[in-house]
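Each remark here refers to the structure printed beneath this line.
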Amino acid sequence: MASASTESMLATADNGAAGAQDMFNRELETYRRIVGANLMFHQDVYQLLRDVLVEQAPASFRFLDVACGDASASAAMLNTTAIGNYVGIDLSEASLRLAARELQALPCPVELRCCDFAPAMAKWSEPVDVIWIGMSLHHLPTAAKARLMRNAHRALGGMGLFVIWEPALFEGEDRAAWLARFSLLRDKWSAVSDEEFASMERHMLLADFPETSQTWLRLGRDAGFSHAEDVYLMPNRMGRVFRYWN
């Protein structure tokens with residue numbers, strides 16, 4: 001029989017786990033409404049990504065989805081491509097459980113790994129043709145972004161395609177001004193509540209570190225990619241898609 005203190009600790013742990021799950025469920029619901037209303041232009045970005053894959057990826061390409069989350073957008077897009085292998089990595093076990101269901105329809109082997117993407121990329125040694133990062137690389141400081149992009153170039157063996165979708169500053173703009181620009185979008189984000197929008201603003205203040213387009217391009221060239229291209233500007237001008245290849 002557990003002691004009173006042990007029972008208290010177990011109850012606290014259970015409450016903590018339940019609280020974390022509740023928070024995840026709330027955030028997931030918000031995220032799915034944002035995607036459904038196309039507030040971040042997921043439909044446009046993933047259609048562009050599909051076009052890039054059709055244009056540049058080899059037949060039966062091996063696709064690495066970095067910080068894949070629930071993989072819903074990737075799954076829908078990749079199901080219409082010539083993909084040969086899918087690996088998704090993410091730090092959230094709850095997200096990966098959802099991703100496993102979303103990816104069942106892919107006509108290729110699927111593997112999901114629960115890990116922090118930056119250390120995972122630092123030691124990546126398996127063959128891969130395409131590496132995709134959507135709205136995650138900007139959480140790292142500039143020097144760590146540079147290291148990850150070098151690791152991506154190494155993982156691709158100098159032959160593959162690296163595509164990222166990330167927040168971007170205007171030339172001469174600082175992070176505070178970029179955050180202020182997002183706040184001005186509130187009226188267009190009617191699909192989320194004031195509380196949810198404020199939560200997003202708090203997250204961005206703490207964790208989002210955008211770069212200018214020129215810096216994103218330079219980081220790719222410095223990583224060893226001979227081609228670096230800015231291929232898409234979100235209509236709200238908050239972020240861009242870049243592709244890198246040799």
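Quantities reported herein were computed from a predicted structural model and do not represent experimental measurements.
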Task: ring pair (Phe, Tyr, Trp, His ring centres under 6.0 Å) partners for F162, two or more places apart - done: F225, Y244

Open item on the list: Strictly distance-based, threshold 3.5 Å: is any side-chain N or O of D70 a donor or acceptor partner for the main-chain N or O of L98?
Closed with: no

Open item on the list: In this structure, would V45 and V231 fall into the same cluster of hydrophobic residues linked by side-chain contacts under 4.5 Å?
Closed with: yes

Task: Any side-chain donor near an acceptor of the partner, S193 and E196, under 3.5 Å - done: yes

Open item on the list: Tell me whether L39 shares a hydrophobic cluster with L185, the cluster being built from Ile, Leu, Val, Met, Phe, Trp, Tyr side chains joined at under 4.5 Å.
Closed with: yes

TODO: Check whether the ring centres of W132 and Y46 lie less than 6.0 Å apart, and answer yes or no.
DONE: yes

Task: N38 side-chain N/O to H42 backbone N/O, donor-acceptor pair under 3.5 Å - done: yes

Task: S74 side chain to A71 backbone, donor-acceptor under 3.5 Å - done: no

Task: Flag, side chain of W216 to backbone of P167, donor-acceptor distance under 3.5 Å - done: yes

Open item on the list: Test your reading of the model: is there a side-chain donor-acceptor pair from R181 to the backbone of R237, 3.5 Å cut-off?
Closed with: yes

Open item on the list: Restricting to salt bridge (Lys or Arg N to Asp or Glu O under 4.0 Å), what partner residues turn up for R175, sequence neighbours left out?
Closed with: none

Open item on the list: Strictly by salt bridge (charged side-chain N to carboxylate O under 4.0 Å, His left out), give each pair with a member in residues 100-109 just once, sequence neighbours left out.
Closed with: R32-E102

Open item on the list: Can you see whether T142 engages E211 through a side-chain donor-acceptor pair at a distance of less than 3.5 angstrom?
Closed with: yes

Open item on the list: Do V163 and M77 land in one hydrophobic cluster if side-chain heavy atoms of ILVMFWY residues count as linked below 4.5 Å?
Closed with: yes

